[in-house]
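Taking it in order: structure first as structure tokens, then the write-up.
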Amino acid sequence: QKEVEQNSGPLSVPEGAIASLNCTYSDRGSQSFFWYRQYSGKSPELIMFIYSNGDKEDGRFTAQLNKASQYVSLLIRDSQPSDSATYLCAVIAPRTRGYNKLIFGAGTRLAVHP
Amino acid sequence: KAGVTQTPRYLIKTRGQQVTLSCSPISGHRSVSWYQQTPGQGLQFLFEYFSETQRNKGNFPGRFSGRQFSNSRSEMNVSTLELGDSALYLCASSLGQDNEQFFGPGTRLTVL
């Protein structure tokens, strides 16, 4: 079982729709959760982070965390073609496993078509 | 505030050579982490430095090493390069433990 799992996609949504990206993690001791966006040939860009159960909204993005279910998701409202990228879910490993180790999922490729 | 910078951006080396990559974190950030990204393995953690001390290390052979200087700048070194070391090497900086990590543009290393 991979430590962080994501559906690789591609997830194809029409412009203006809501894109829903999902991620599960295996280590129940994980505390910090991040979503990165990566365009082809570029480095990952942090778009959301969430530490507590519930929802966190920032503009068109909403991150949702459910620690009981070990599930984190990212919603993108009013999707635009410029949102087409790979979205990486990342979790910081529990401190018992050392400091600041980000564990990444394989990423979900999102394609927003006009 | 300037972001994370990495040099060089591109490198081409041959098998058996060694390489040194450099990373300057965001001003005020004391933690620098290094990651390797390949199409097959995705993003994998190499090591993390804080206040010139390596606090964490991933599952990479000893050919991969690093260090951090008093100004928080960091270098990583790969000795005796292998074809499989071809990858995008990313550096990320953060304030400390469990904080958000911000990535630099990366160094794309090609080993021939």
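Only a predicted model underlies this, so the values are computations on that prediction, with no experimental measurement involved. The figures that follow rest on heavy atoms only: side chains count, while hydrogens, waters and symmetry mates do not. Quick note on labels: first sequence line is chain A, next is B, and so on, each numbered from 1.
In the hydrophobic clustering, B/Phe50 connects to no other residue, as no ILVMFWY side-chain heavy atoms lie under 4.5 Å from its own. Through direct or indirect side-chain contacts shorter than 4.5 Å among Ile, Leu, Val, Met, Phe, Trp and Tyr, B/Ile12 is connected to B/Leu112. Applying the 4.5 Å side-chain rule to ILVMFWY residues, one finds A/Val4, A/Leu11, A/Val13, A/Leu21, A/Tyr25, A/Phe33, A/Trp35, A/Ile47, A/Met48, A/Ile50, A/Phe61, A/Leu65, A/Val72, A/Leu74, A/Ile76, A/Tyr87, A/Val91, A/Ile103, A/Leu110 in the same cluster as A/Val112.
Interface with chain A: from residues 61-84 of chain B, no residue qualifies, criterion being any non-hydrogen pair under 4.5 Å.
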Using side-chain contact (heavy atoms from CB on, under 4.5 Å), reason through B/Ser33 and A/Leu102 one step at a time and then give a plain yes or no. CA-CA 9 Å; B/Ser33 300; A/Leu102 268 176; over 6 Å; no
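Heavy atoms of other residues, nucleotides or ligands lying less than 6.0 angstrom from CZ of A/Arg77 number more than 12. Residue-environment remark: CZ (A/Arg60) exceeds the threshold of 12 foreign heavy atoms within 6.0 Å.
Between A/Tyr36 and B/Phe103 the shortest side-chain heavy-atom distance falls below 4.5 Å. With a 4.5 Å cut-off on side-chain heavy atoms, B/Gln101 and A/Leu46 do not count as touching. Between A/Leu88 and B/Leu43 the shortest side-chain heavy-atom distance falls below 4.5 Å. B/Leu90 is listed as a side-chain neighbour of A/Pro44, based on a closest heavy-atom distance under 4.5 Å.
The NZ atom of A/Lys101 sits 14.5 Å away from the CZ atom of B/Arg55 when rounded to the nearest 0.5 Å.
Of the possible donor and acceptor atoms, none in the side chain of A/Ser43 sits under 3.5 Å from a partner among the backbone N and O of B/Gly106. At least one donor-acceptor pair under 3.5 Å links the side chain of A/Asn100 to the backbone N or O of B/Gly96.
Only the side chain of B/Tyr35 has a heavy atom closer than 4.5 Å to any heavy atom of chain A. Interface remark: A/Glu3 contributes no atoms to any contact with chain B (heavy atom separation under 4.5 Å). Contacts of B/Gln37 with chain A are made by side-chain atoms alone, with heavy-atom separations under 4.5 Å and no backbone atom involved.
B/Tyr89 and B/Phe102 are not part of a single hydrophobic cluster, where members link through side-chain heavy atoms under 4.5 Å apart. Residues B/Ile26 and B/Trp34 are members of separate hydrophobic clusters, defined by side-chain heavy-atom contacts under 4.5 angstrom among Ile, Leu, Val, Met, Phe, Trp and Tyr. B/Leu88 and B/Phe45 fall within a single hydrophobic cluster, where Ile, Leu, Val, Met, Phe, Trp and Tyr side chains are chained together by heavy-atom contacts under 4.5 Å. Placement of B/Phe60 and A/Phe104 in two distinct hydrophobic clusters is found when ILVMFWY residues are connected by side-chain heavy-atom separations under 4.5 Å, directly or transitively.
Of all heavy-atom pairs spanning B/Glu100 and A/Phe34, the tightest one is CA-CE2, 3.6 Å.
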